[in-house]
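Each remark here refers to the structure printed beneath this line.
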Amino acid sequence: MRSLCSLLFLFVAVLSVAQTATSNSSPSSEFPKEIPSFDLSAIDKTIDPCVDFYQYSCGNWMKNNPIPADKSSWGRFYELRERNIYILHDILEQAQASSKHDAIEQKVGDYYAACMDETVVEKRGTEPLASTMSAIAAVKTKPELISQVGAMQRDGINTLFTFGQMPDMHDSRATIANLDQGGLTLPDRDYYIKDDAKSVETRQKYLQHVQKMLELIGDKPDAAAAEAKTVLAVETGLAKSSMDRTARRDPKTRDHIMETAEAVTLAPNFELAEYFVNSGAPKFTNLNVSNPDFFKEVNQQLSSTSLDDWKTYLRWRALDTYAPILPKAFVDEDFQFNGVYMSGQKEIETRWKRCVKSTDQNLGMALGQLYVDKTFGPEGKARTLKMVQAIEAAMHQDIGQLTWMSDTTKQKAYEKLNAIVNNIGYPDKWRDYSTVVVKRDDYAGNVNRASAFEVQRQLNKIDKPTDKKDWGMTPPTVNAYYRANMNDINFPAGILQPPFYGKTMDDAVNYGAIGVVIGHELTHGFDDQGRKYDADGNLKDWWTPEDAKAFEERASCTADEYSGFVAVKDDKGEVKLNGRLTLGENTADNGGLKLAYIALTNIIGNTPVKPIDGYTPQQRFFIAYGQIWCQNVTDQRARQLAIIDSHSPGRWRVNGVVQNSAAFEEAFGCKAGQPMVSKNACRVW
Ligand SMILES: [Zn+2]
């Protein structure tokens with residue numbers, strides 16, 4: 001399963017196409033301009049940087065950049081995402097036009113064209129769902145129910161639990177099968193379990209939404225209302241049996257390798273012996289069960305809940321997953337709940353943006369190849385690698401200076417640092433989609449076949465040597481990640497441009513932006529999760545007990561610090577950050593800034609550098625960092641992120657970090673007692 005520490009929240013859906021749209025217009029004239037790396041006009045000079053540095057760096061940006069109606073949040077890296085969408089749009093518009101194309105252009109062009117053809121989508125109605133719905137209706141026994149669950153999972157419909165692959169936590173060279181909790185519709189178990197007013201309201205709205213959707217496929221209102229209650233009851237059972245996000249951060253809680261026979265005995269009602277045979281996976285004898293308690297408890301629910309109720313739940317999971325690729329009525333109702341109510345988004349995105357995202361999601365490594373040809377090239381790779389090496393050298397230096405870590409543990413830390421693999425821009429080998437059939441008049445079928453292809457591609461990895469070259473994000477993605485079990489850092493081409501990296505910018509600005517991103521990913525190898533894995537990506541304790549204790553004390557300082565920050569305050573009350581859920585990201589932000597600053601100091605040395613725009617290089621470094629995180633977020637989305645996102649909101653990614661930084665204090669001449677100078681500065685790395 002996915003185990004990846006990203007720079008930004010990553011929305012992953014299997015079959016869906018984010019949010020959908022209606023307009024056919026393709027306003028290329030709106031093509032967004034390149035985003036400035038260092039934006040003087042974003043700064044609010046009426047604010048003292050030592051009082052609120054985020055407000056200082058971003059105050060005017062926030063004032064002048066309200067959230068667009070078709071978004072639930074907006075920030076400077078969202079601007080870059082939007083710009084990439086326009087670049088991809090141009091690529092796809094050309095690819096779908098009738099002229100001579102290579103096979104890749106043909107495939108992504110046809111996929112995009114089919115998505116844009118709303119007339120065909122409307123005409124087909126709910127026919128794309130028909131075979132799944134009749135298969136569910138035909139289920140007569142509990143074993144047949146499980147085999148239907150398996151069939152739906154192979155089509156990319158997340159239902160009841162998840163089955164996939166992961167590198168063996170104790171021998172990352174091998175990939176093994178993995179069973180895990182799953183099957184929820186709402187974004188987290190908390191939505192089903194918590195009793196605060198907002199959670200209760202969300203469940204009421206969810207019931208109404210499920211009912212409306214079921215009415216759209218022809219169920220009578222009374223029946224649909226009863227079915228919605230059944231869906232909520234079944235999912236609440238799954239939620240109560242699920243482990244919470246914060247507990248899952250500790251890999252030990254997910255480490256349960258067993259023989260297949262043991263898994264079968266653990267939860268006999270899951271009929272796992274037969275399930276494995278039909279799963280599409282190669283034959284295997286050992287697997288990991290991430291959360292055995294989930295399977296034990298749901299095993300009971302499988303017998304205590306009626307077959308009809310389970311079938312109602314499956315119908316809902318199919319309908320919910322297909323909603324974005326069905327006709328407008330379904331798309332609109334799906335958006336009303338997930339977009340308007342859950343995220344505070346006012347309008348749906350235009351259809352072409354949705355279709356671009358769908359192509360990226362389902363044929364992303366093919367579209368990414370065209371994107372890289374157009375925007376990146378080998379020189380981009382070389383430039384970034386140079387910065388990565390400078391920051392790795394800074395980390396080496398930083399570890400050497402630590403006063404709380406013994407030489408024994410330091411040697412192991414160097415070993416791990418030296419083993420980190422740097423992946424930049426795009427994969428060495430492009431994914432082969434030649435077996436995915438794409439038809440110009442069958443959008444739902446295309447999505448379905450591409451989803452099934454991806455499920456199968458993942459299952460094929462089971463019991464094979466781990467493919468460390470397989471990327472977890474597509475090249476146009478504006479994000480970056482570290483994988484503990486691969487011990488690699490990864491920077492897709494999409495993020496290697498302004499405002500993160502500007503070819504003509506001074507080092508101070510580039511190190512404050514992409515430099516900190518690189519440092520952030522490196523630090524993930526040594527955060528509360530990453531430190532538990534060794535140089536080979538295996539779960540192995542390489543710390544002396546004293547050093548581990550010193551680390552935990554320092555990490556607790558960061559966790560407590562961020563737990564005091566307010567994520568959102570609205571008429572529904574105040575939500576504070578979960579300092580333990582966000583600990584790894586906050587550690588990476590603090591460490592990343594430190595490392596990039598050391599690297600910058602190594603470059604500029606003691607030679608005085610002339611101020612630019614009235615700012616010293618040190619000040620430019622911090623402002624560039626602050627401005628990466630300029631953002632506006634709806635209250636609804638902020639609430640959602642406080643529950644599901646392991647990253648802190650922009651304000652705290654900036655103020656939380658500079659409060660702990662002596663270099664910041666020095667750069668802006670801040671004094672003890674000012675808000676941006678923490679009395680009790682936390683420092684892990
Ligand atoms: Zn991160």
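Read the numbers this way: they start at 1 and go in the same order the structure lists the ligands and their atoms. All figures in this text were calculated on a predicted structure; none of them were measured in a lab. Each residue takes its place number in the sequence, starting with 1.
To the nearest 0.5 Å, the span separating CG on Asp560 from CG on Leu583 amounts to 9.5 Å.
Less than 2.8 Å away from the Zn ion (ligand 1), the protein contributes these N/O/S atoms: Ser6 O, His520 NE2, His524 NE2, Glu585 OE1.
A donor and an acceptor atom, one from each side chain of Asn578 and Tyr562, are nowhere located under 3.5 Å apart.
By the ring-ring contact (aromatic ring centres under 6.0 Å, His included) test, Trp542 pairs with no residue at all, sequence neighbours left out. For the ring-ring contact (aromatic ring centres under 6.0 Å, His included) test, no residue two or more places apart in sequence or in another chain qualifies with Tyr78. By the side chain to side chain donor-acceptor pair (under 3.5 Å) test, Lys71 is found to be paired with Glu82, Glu349, residues two or more places apart in sequence or in another chain being considered.
Geometric assessment of Lys381 against the ring of Phe376 yields a negative cation-pi assignment under the 6.0 Å and 45° thresholds.
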